[in-house]
Amino acid sequence: MTEPLLQVSGLSRSFGGVYAVDDVDLTVERGSILGVIGPNGAGKSTLFNLVSGQLPAERGEIRLGGRRIDRLPPHRRARLGIAIVFQGARVFHGMSVLENAMVGAHATTGAGFAAAALRLPRHRREERLIAERAREAVRRVGLEAWADRPAELLPLGQQRALQVARALCGEPTLLLLDEPASGLRAGERDRLADLVEQLRADGLTIMLVEHDVALVGRLADRVTVLDLGKVIAEGTPDEIRTDPRVVTAYLGTEAAA
Ligand SMILES: Nc1ncnc2c1ncn2[C@@H]1O[C@H](COP(=O)(O)OP(=O)(O)OP(=O)(O)O)[C@@H](O)[C@H]1O
């Protein structure tokens, strides 16, 4: 068996003495989609922030391709291939779709401020590379016709696709999507789901936090269920749907309705 792309073990983080993520173990196989679900406050966003490095862990290990990354700052993890689309992320107003995507590539290229300020050849080469990557990312998410238009004119569903493009500019191996479908209409959700499926078909590994359980059921190969910071169930979408702990903790009110 090949090694999982992401291995999390014993991961913990508290706020004011209360554990938001409590001794969490999970694995994400290469080329798969792991859905992460759970009620409000279950610790899903905190888990993503621990994996991407926005928050330091208190305890536990995070390995990417076997390498320990839990002590690395976010930009080092980004260079190793982790990209995150934050919950409720917004596009930058006054910038084109392409320019918005380019912001993502700056996170993982390295000539630095001095080279940029002096407009050294290395910086110019890098700007060209960034523009090429951004154009390719915008094409991958189906926004090439919009590339030069102001990003704020995009409908919400396409703004989400642009956020995915921005993440793709870093050429990630692991993409973390935090509630990418929230606030979208049914048709927009379907198009976003098609995009996520396409990215997986291209070989990307994805962790998806979503409140829309039907969407997770459609997309995820496996699902991890969190409640009060702990993993309460793990399995295929079908196994999760019928797991009594999940029905009680998470789907209880819907199942009873
Ligand atoms: N920066 C913070 N400071 C203090 N408490 C926090 C912080 N971030 C998260 N928490 C707490 O940690 C717990 C888990 O929050 P988190 O946002 O990770 O849950 P979630 O599952 O993503 O919830 P939601 O579905 O509502 O987005 C909550 O009790 C929350 O209040």
Side-chain angles (χ1 to χ4, degrees), residues 4-28 32-65 67-92 103-104 106-108 160 162-183 196 199 204-212 216 219-220 222-232 234 250:
L5 180 63
L6 185 77
Q7 284 174 291
V8 166
S9 52
L11 194 65
S12 299
R13 168 76 202 207
S14 62
F15 297 105
V18 178
Y19 278 91
V21 166
D22 191 356
D23 200 18
V24 164
D25 294 337
L26 58 83
T27 56
V28 190
S32 75
I33 299 180
L34 177 74
V36 181
I37 64 172
N40 288 335
K44 306 179 295 292
S45 296
T46 303
L47 173 65
F48 268 21
N49 288 329
L50 292 171
V51 172
S52 67
Q54 314 300 320
L55 276 176
E58 257 163 57
R59 280 196 302 281
E61 281 187 18
I62 306 169
R63 289 178 187 271
L64 186 73
R67 174 179 175 172
R68 254 189 103 164
I69 60 163
D70 44 86
R71 302 280 152 152
L72 300 179
H75 69 275
R76 295 275 308 280
R77 299 190 203 190
R79 283 191 194 180
L80 290 173
I82 297 181
I84 182 164
V85 174
F86 290 103
Q87 186 177 344
R90 298 188 180 275
V91 297
F92 298 115
V103 173
H106 281 284
T108 53
R160 293 283 161 78
L162 175 54
Q163 281 146 11
V164 173
R166 193 188 291 153
L168 292 178
C169 274
E171 302 188 328
T173 49
L174 176 67
L175 180 62
L176 310 176
L177 297 174
D178 196 351
E179 292 191 33
S182 72
V196 172
L199 296 175
L204 203 59
T205 306
I206 297 169
M207 265 176 97
L208 171 71
V209 161
E210 250 309 325
H211 274 289
D212 183 341
V216 173
L219 291 173
R222 300 194 70 81
V223 180
T224 290
V225 188
L226 290 179
D227 189 25
L228 300 174
K230 286 188 180 296
V231 174
I232 58 161
E234 197 278 329
Y250 182 58

To the nearest 0.5 Å, what is the distance between [atom1] ([X]) and [atom2] ([Y])?
{"X": "T205", "Y": "L5", "atom1": "OG1", "atom2": "CG", "value": "4.5 Å"}
{"X": "I69", "Y": "R63", "atom1": "CD1", "atom2": "CZ", "value": "10.5 Å"}
{"X": "R13", "Y": "F15", "atom1": "CZ", "atom2": "CZ", "value": "4.5 Å"}
{"X": "Q7", "Y": "R67", "atom1": "CD", "atom2": "CZ", "value": "15.0 Å"}
{"X": "R77", "Y": "L72", "atom1": "CZ", "atom2": "CG", "value": "6.0 Å"}

Under a 3.5 Å distance rule, please check whether [X] uses its side chain to pair with a backbone N or O of [Y] as donor and acceptor.
{"X": "E210", "Y": "A181", "result": "yes"}
{"X": "K44", "Y": "G38", "result": "yes"}
{"X": "R222", "Y": "E234", "result": "no"}
{"X": "D25", "Y": "G10", "result": "yes"}

field: Candidate pair V231 and L226, rule side chain to side chain contact (heavy atoms under 4.5 Å, CB included), full reasoning
entry: CA-CA 5 Å; V231 174; L226 290 179; 3.8 Å; yes

query: Which residue, I62, T224, D70, V28, forms the side-chain contact (heavy atoms from CB on, under 4.5 Å) with V8?
result: I62

State, to 0.1 Å, how close [X] and [Y] come at their nearest heavy-atom pair, and which atoms those are.
{"X": "F86", "Y": "N49", "result": "CE2-OD1, 3.6 Å"}
{"X": "I33", "Y": "L219", "result": "CD1-O, 3.5 Å"}
{"X": "I82", "Y": "S52", "result": "CG2-CA, 4.2 Å"}
{"X": "I84", "Y": "F48", "result": "CD1-CB, 4.0 Å"}
{"X": "P74", "Y": "G53", "result": "CG-O, 3.3 Å"}
{"X": "G43", "Y": "V21", "result": "O-CG2, 3.5 Å"}

With heavy-atom distances below 4.5 Å as the criterion, would you say the side chains of [X] and [Y] are in contact?
{"X": "V85", "Y": "D178", "answer": "no"}
{"X": "D227", "Y": "V225", "answer": "no"}
{"X": "L208", "Y": "L176", "answer": "no"}
{"X": "S182", "Y": "R160", "answer": "yes"}
{"X": "L199", "Y": "L168", "answer": "yes"}
{"X": "L26", "Y": "L47", "answer": "yes"}
{"X": "R59", "Y": "L11", "answer": "no"}

- prompt: Under the side chain to side chain contact (heavy atoms under 4.5 Å, CB included) criterion, do L6 and M207 qualify, and how do the steps go?
  reply: CA-CA 10 Å; L6 185 77; M207 265 176 97; 3.7 Å; yes

task: Report the C-alpha distance between S45 and Q87 in whole Å, list the side-chain angles of each, state the deciding distance to 0.1 Å, and finish with yes or no for side chain to side chain donor-acceptor pair (under 3.5 Å).
output: CA-CA 8 Å; S45 296; Q87 186 177 344; 3.0 Å; yes

message: Check this for me: L228, atom CG, are more than 12 non-hydrogen atoms of other residues, nucleotides or ligands nearer than 6.0 Å?
response: no

Crowding at CZ, R68 (>12 non-hydrogen neighbours, <6.0 Å):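 Enclosed.
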
task: Check the pair S14 / E58 against side chain to side chain contact (heavy atoms under 4.5 Å, CB included), numbers first and verdict last.
output: CA-CA 8 Å; S14 62; E58 257 163 57; 2.9 Å; yes

message: Using the rule given for side chain to side chain contact (heavy atoms under 4.5 Å, CB included), can you reason through L34 versus I206, listing the C-alpha separation, both sets of side-chain angles and the distance that settles it, and then say yes or no?
response: CA-CA 6 Å; L34 177 74; I206 297 169; over 6 Å; no

